[in-house]
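Working notes, structure below.
Note: hydrogens, waters and symmetry copies are ignored here, and every other heavy atom, side chains too, is used.
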Amino acid sequence: MIDFHTPTLADKQWINAKIEETGCRSCEYTFGNIFAYTAKMDIKVAEYEGCLVTRCIFGDELMYCYPMGNGNKKAAIEAIIRDSEAFSSELVIFGMVSEFADELESLFPDRFRITFDRNGSDYIYNSDDLINLIGKKYQPKRNHISFFKKNYNWSYEKITADNFSECIAMNEKWIEESLYENKDELIEELEIIKLVFENYDALDFVGGLIRVDGEVVAYTMGERMNEDTFCVHFEKAFSKYRGAYPMINREFCENELSAYKYVDREDDLGIDNLRKAKLSYYPAIIREEYEAMLKC
């Protein structure tokens with residue numbers, strides 16, 4: 001039996017240790033992501049046979065992350081199968097990179113149906129590319145940034161407790177001006193962002209913002225994934241300021257992320273405009289992810 005519990009800040013050290021042991025470069029496997037989405041996805045965690053096991057319920061779907069750490073993964077997956085039997089929904093193991101999918105098949109031959117999840121695949125960029133934007137392919141980005149710099153009285157600063165409230169106020173206004181039909185989702189996301197700000201230092205988050213005439217018009221933040229990769233979890237900008245999105249992206253990377261080789265900007269959720277935007281930065285890697293469902 002897996003002794004699941006709701007994750008708290010007290011779990012950060014051992015969860016990060018298990019993630020580090022595995023060396024996974026995928027946004028699902030960061031403590032900040034687990035902590036921030038605990039309420040939304042009813043996330044539970046446990047240490048079982050030397051592995052981090054994570055369970056969540058999203059809507060009516062029961063999902064588990066692939067076990068993390070150097071422990072007995074076969075035993076952990078067997079325990080996941082037993083745990084899932086208490087629920088009526090189908091067991092899904094999600095966010096698996098190709099190495100995990102291969103390992104799962106080797107541990108449980110023909111027990112799982114494994115499918116490629118393009119919508120959940122992470123976009124990973126060379127930090128130098130995001131900072132320098134060299135080459136013809138980045139000319140549109142450079143044009144937008146040049147326009148922004150020439151036409152707005154702007155400044156960049158790091159996010160600290162002194163400007164949390166301004167970022168939240170900007171986000172609230174961004175929701176009001178958004179054309180997205182389901183604004184309840186945006187409001188729900190803002191509650192997650194507020195939770196991150198409430199625990200910002202304890203989560204070791206890093207962020208940056210752009211001001212125009214003293215007012216926040218864009219901000220972004222995320223956390224260290226491992227020694228060579230930083231994961232950007234949230235990014236907001238007013239589209240009425242031409243170049244605001246490429247500007248916050250470049251300034252944040254230059255000022256805060258130059259020590260990292262890679263920047264993970266998460267997946268596109270299958271949203272066409274988001275996919276187009278992420279591809280326009282020419283990722284070094286699209287980290288393929290897979291889902292596995294237990295065969296009947």
Within 45° of the ring axis of Y37 and under 6.0 Å from its six-membered ring centre, is that where the NZ or CZ of K40 lies? no

When you measure from the centre of the six-membered ring of Y281, is the NZ or CZ of K141 under 6.0 Å away and within 45° of the axis? yes

Are Y138 and Y282 close enough that their ring centres sit under 6.0 Å apart? yes

Could you grab the distance from atom [atom1] of [X] to atom [atom2] of [Y], nearest 0.5 Å is fine?
{"X": "N72", "Y": "L107", "atom1": "CG", "atom2": "CG", "answer": "8.5 Å"}
{"X": "I131", "Y": "Y125", "atom1": "CD1", "atom2": "OH", "answer": "14.5 Å"}
{"X": "R265", "Y": "C253", "atom1": "CZ", "atom2": "SG", "answer": "7.0 Å"}
{"X": "N119", "Y": "R275", "atom1": "CG", "atom2": "CZ", "answer": "5.0 Å"}

Nearest heavy-atom pair of [X] and [Y]: which atoms, and what distance?
{"X": "M170", "Y": "V216", "result": "CG-O, 3.4 Å"}
{"X": "R82", "Y": "Y48", "result": "NH2-OH, 3.3 Å"}
{"X": "H233", "Y": "F205", "result": "CD2-CZ, 3.6 Å"}
{"X": "F94", "Y": "C56", "result": "CE2-SG, 3.9 Å"}
{"X": "P283", "Y": "K278", "result": "CD-O, 3.8 Å"}
{"X": "R242", "Y": "N143", "result": "NH2-O, 4.0 Å"}

Under 4.0 Å between a side-chain nitrogen and a carboxylate oxygen: does that hold for [X] and [Y]?
{"X": "K173", "Y": "E176", "result": "no"}
{"X": "E20", "Y": "R224", "result": "yes"}
{"X": "D268", "Y": "R118", "result": "yes"}
{"X": "E105", "Y": "K295", "result": "no"}

Donor-acceptor pair, side chain of D264 and main chain of D122, under 3.5 angstrom: no

Check whether T22 reaches the backbone of G69 with its side chain - one donor and one acceptor, N or O, closer than 3.5 Å. yes

Check step by step if side chain to side chain donor-acceptor pair (under 3.5 Å) holds for Y219 and N163. CA-CA 11 Å; Y219 79 91; N163 49 44; over 6 Å; no

Could you tell me if the side chain of F234 sits less than 4.5 Å from the side chain of N171, heavy atoms only? no

Donor-acceptor side-chain pairing of Y156 and E254 below 3.5 angstrom: no

Can a side-chain donor-acceptor contact be found between K44 and T6 if the only test is distance below 3.5 angstrom? yes

Could you tell me how the ring of Y152 sits relative to the ring of F147: parallel (under 30°), tilted (30 to 60°) or perpendicular (over 60°)? perpendicular

